[in-house]
Asker: 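I am attaching a structure below and will ask some questions about it afterwards.
Throughout, a chain's letter reflects where its sequence line sits, starting with A, and its residues are numbered from 1.
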Amino acid sequence: MEIVAVIDFETTGLSPAQGDRATEIAAVLLQDGKVVGRYQSLMNAGVRIPSFIEELTGISNAMIRKAPPVADVMREVSDFVGGYPLVAHNASFDCKFWDAELARIQRSRRQEFACSMLLARRLLPQAPSHKLGALVQFVKLPITGRYHRALADAEMAASLLAWLEDELRGRYKVSEVSHELLRKIQKVPRNKLDQCLERHQRKVLAVQ
DNA sequence: TGCCAGGCCCTCTTTAGGGCCTT
C-alpha cells in the first residue's frame with residue numbers, strides 16, 4: 001500500500017498572501033493505517049507571532065527566536081516528504097503555506113493534496129462539527145498531544161485519515177483505497193457518493 | 001479611501017449570502 005504524508009503547519013495567521021509565515025511544521029508518514037515516519041520542527045521566519053496566536057498554539061516569540069531558519073526546515077521537510085502524496089486537514093490552508101514557503105527556497109510541490117476535512121464532510125455528515133478536534137472526539141480517536149501543535153495535529157489527522165479509509169473498506173466495501181480515490185471522493189457531491197464508490201468498485205473488479 | 005483569506009457547501013440559490021474550517 002502506498003505511503004502518504006500527512007502534514008500540518010502552525011503559522012502567524014491565515015494567509016501567506018497577507019504576509020503570514022510558517023512557525024512550525026510536522027509531517028507524519030502513514031502506510032496501511034500505521035505511522036511509519038515523523039518529522040517536526042519549529043522554524044524562524046524572522047516575523048513576530050501575534051499574541052492571540054501565541055495563546056492559541058502555545059508557540060511563543062521566544063521559542064521561535066531559538067528555532068532553526070525557515071529555509072533549513074523547509075528543505076529538510078520537503079526532502080523528508082519527497083514525492084509522497086500529501087494530506088492535510090482543510091488542505092487548502094496547508095497547501096497555500098507549503099507552496100509559499102517552498103517558493104521562497106526555489107522549490108515547488110511535486111504532488112497533490114487530499115483533504116481529511118472534505119472527506120469527513122462526506123463520510124461523517126452526522127458529526128456535529130468537522131473541526132479536527134471535534135472529529136477526533138466524535139470517532140473516539142486518541143488525543144496525541146496539545147491541539148494546535150503541528151505534530152499532535154498531524155498525528156490526529158493521520159489517525160482520522162486511517163479511520164476514514166477503514167470506513168471506505170468496511171461500510172462501502174472499497175477494496176483499494178488510493179490517494180487518487182480520496183481526491184475523487186472529496187470533490188463528489190454528497191448525494192452522489194454511493195454512486196461514485198459503486199462505479200469505482202466495479203472498475204476495480206473488472207480489472208482483476 | 002477603504003479594503004484586508006479563500007475554498008467549500010448549504011439554502012430562504014444560481015443575477016447571493018453566509019457559515020465552516022484552517023492560524
Asker: With a non-hydrogen cut-off below 4.0 angstrom, is A:Thr23 in contact with a base, only sugar-phosphate, or nothing?
Answerer: nothing
Asker: If we count only N and O atoms by modelled type, under 3.5 Å, do the side chains of A:His89 and A:Ser116 hold a donor and an acceptor together?
Answerer: yes
Asker: Between A:Phe9 (CZ) and B:dA5 (P), how many Å, whole number?
Answerer: 20 Å
Asker: Could you go over nucleotides 7-11 of chain B and give all protein N or O partners under 3.5 Å, atom names and distances?
Answerer:
| residue | atom | partner | partner atom | Å |
| --- | --- | --- | --- | --- |
| B:dC9 | OP1 | A:Arg122 | NH1 | 2.5 |
| B:dC9 | OP1 | A:Arg122 | NH2 | 2.3 |
| B:dC9 | OP2 | A:Arg122 | NH2 | 3.1 |

Asker: When the C1' atoms of B:dC8 and B:dT13 are compared, how many Å lie between them, rounded to an integer?
Answerer: 15 Å
Asker: Rounded off to whole Å, could you give me the CZ-to-C1' distance for the A:Arg149 and B:dT22 pair?
Answerer: 17 Å
Asker: Evaluate A:Glu24 against A:Gln40 for side-chain hydrogen bond (donor to acceptor under 3.5 Å, both in side chains), listing each step before the verdict.
Answerer: CA-CA 7 Å; A:Glu24 185 180 40; A:Gln40 177 275 332; 2.7 Å; yes
Asker: What residues, two or more places apart in sequence or in another chain, satisfy side-chain hydrogen bond (donor to acceptor under 3.5 Å, both in side chains) together with A:Ser92?
Answerer: A:Asn90
Asker: Using whole Å, what does the distance between atom C1' of nucleotide B:dT22 and atom CG of A:Asp20 come to?
Answerer: 12 Å
Asker: Can you sort out which residues in residues 48-69 of chain A have a heavy atom within less than 4.0 Å of DNA chain B? Ascending by number, please.
Answerer: A:Ile53, A:Leu56, A:Thr57
Asker: If I pick the C1' atom on B:dC12 and the same atom on B:dG17, what distance separates them, to the nearest angstrom?
Answerer: 11 Å
Asker: Atom CD of A:Glu10 and atom C1' of B:dT23: how far apart are they, to the nearest Å?
Answerer: 7 Å
Asker: Please give, in whole Å, the distance from B:dC21 P to A:Lys96 NZ?
Answerer: 16 Å
Asker: Any sub-3.5 Å donor-acceptor pair from A:Lys96's side-chain atoms to A:Leu14's backbone N or O?
Answerer: yes
Asker: Say you pick atom C1' in B:dC10 and the same atom in B:dC3; how far apart are they, in whole Å?
Answerer: 27 Å
Asker: Taking only N and O in the side chain of A:His130, is any of them less than 4.0 Å away from OP1 or OP2 of B:dC21?
Answerer: yes
Asker: Strictly by modelled atom types, are A:Tyr39 and A:Glu76 linked by a side-chain donor-acceptor pair under 3.5 Å?
Answerer: yes
Asker: Could you tell me the separation between the CZ atom of A:Phe138 and the C1' atom of B:dC21, rounded to a whole number of Å?
Answerer: 17 Å
Asker: Starting from P on B:dT23, measure out to CD1 on A:Ile7 and report it in whole angstrom.
Answerer: 12 Å
Asker: Classify the side-chain pair A:Gln201/A:Ser175 by whether it contains a donor and acceptor separated by less than 3.5 Å.
Answerer: yes
Asker: On a whole-Å scale, what distance lies between the C1' atoms belonging to B:dT14 and B:dG18?
Answerer: 15 Å
Asker: Output yes when at least one side-chain N/O atom of A:His148 is less than 4.0 Å from OP1 or OP2 of B:dT23, else no.
Answerer: yes
Asker: A:Ser129 side chain to A:Ala134 main-chain N or O, any donor-acceptor pair under 3.5 Å?
Answerer: no
Asker: Considering only atom C1', compute the distance from B:dA16 to B:dT23 and round it to an integer number of Å.
Answerer: 28 Å
Asker: Determine the Euclidean distance between corresponding P atoms of B:dT15 and B:dC21; express it in Å to zero decimal places.
Answerer: 27 Å
Asker: Counting only N and O atoms by type, is there a donor-acceptor contact under 3.5 Å from the side chain of A:Asp8 to the main-chain atoms of A:Ala26?
Answerer: no
Asker: Can you find a pair of side-chain heavy atoms, one from A:Tyr172 and one from A:Glu198, that are under 4.5 Å apart?
Answerer: no
Asker: Expressed in angstrom and rounded to an integer, what is the separation of A:Phe93 atom CZ from B:dT22 atom C1'?
Answerer: 5 Å
Asker: Is A:Asp8 touching bases, backbone alone, or none of the nucleic acid, heavy atoms closer than 4.0 Å?
Answerer: sugar-phosphate
Asker: State whether a side-chain donor-acceptor pair under 3.5 Å links A:Ser78 with A:Arg107.
Answerer: yes
Asker: Please report the distance separating the C1' of B:dC4 from the corresponding atom of B:dC9, rounded so that it comes out in whole Å.
Answerer: 24 Å
Asker: Map A:Gln18 and A:Gly13 onto DNA chain B by nearest heavy atom, then report which one ends up closer to the 5' terminus.
Answerer: A:Gln18
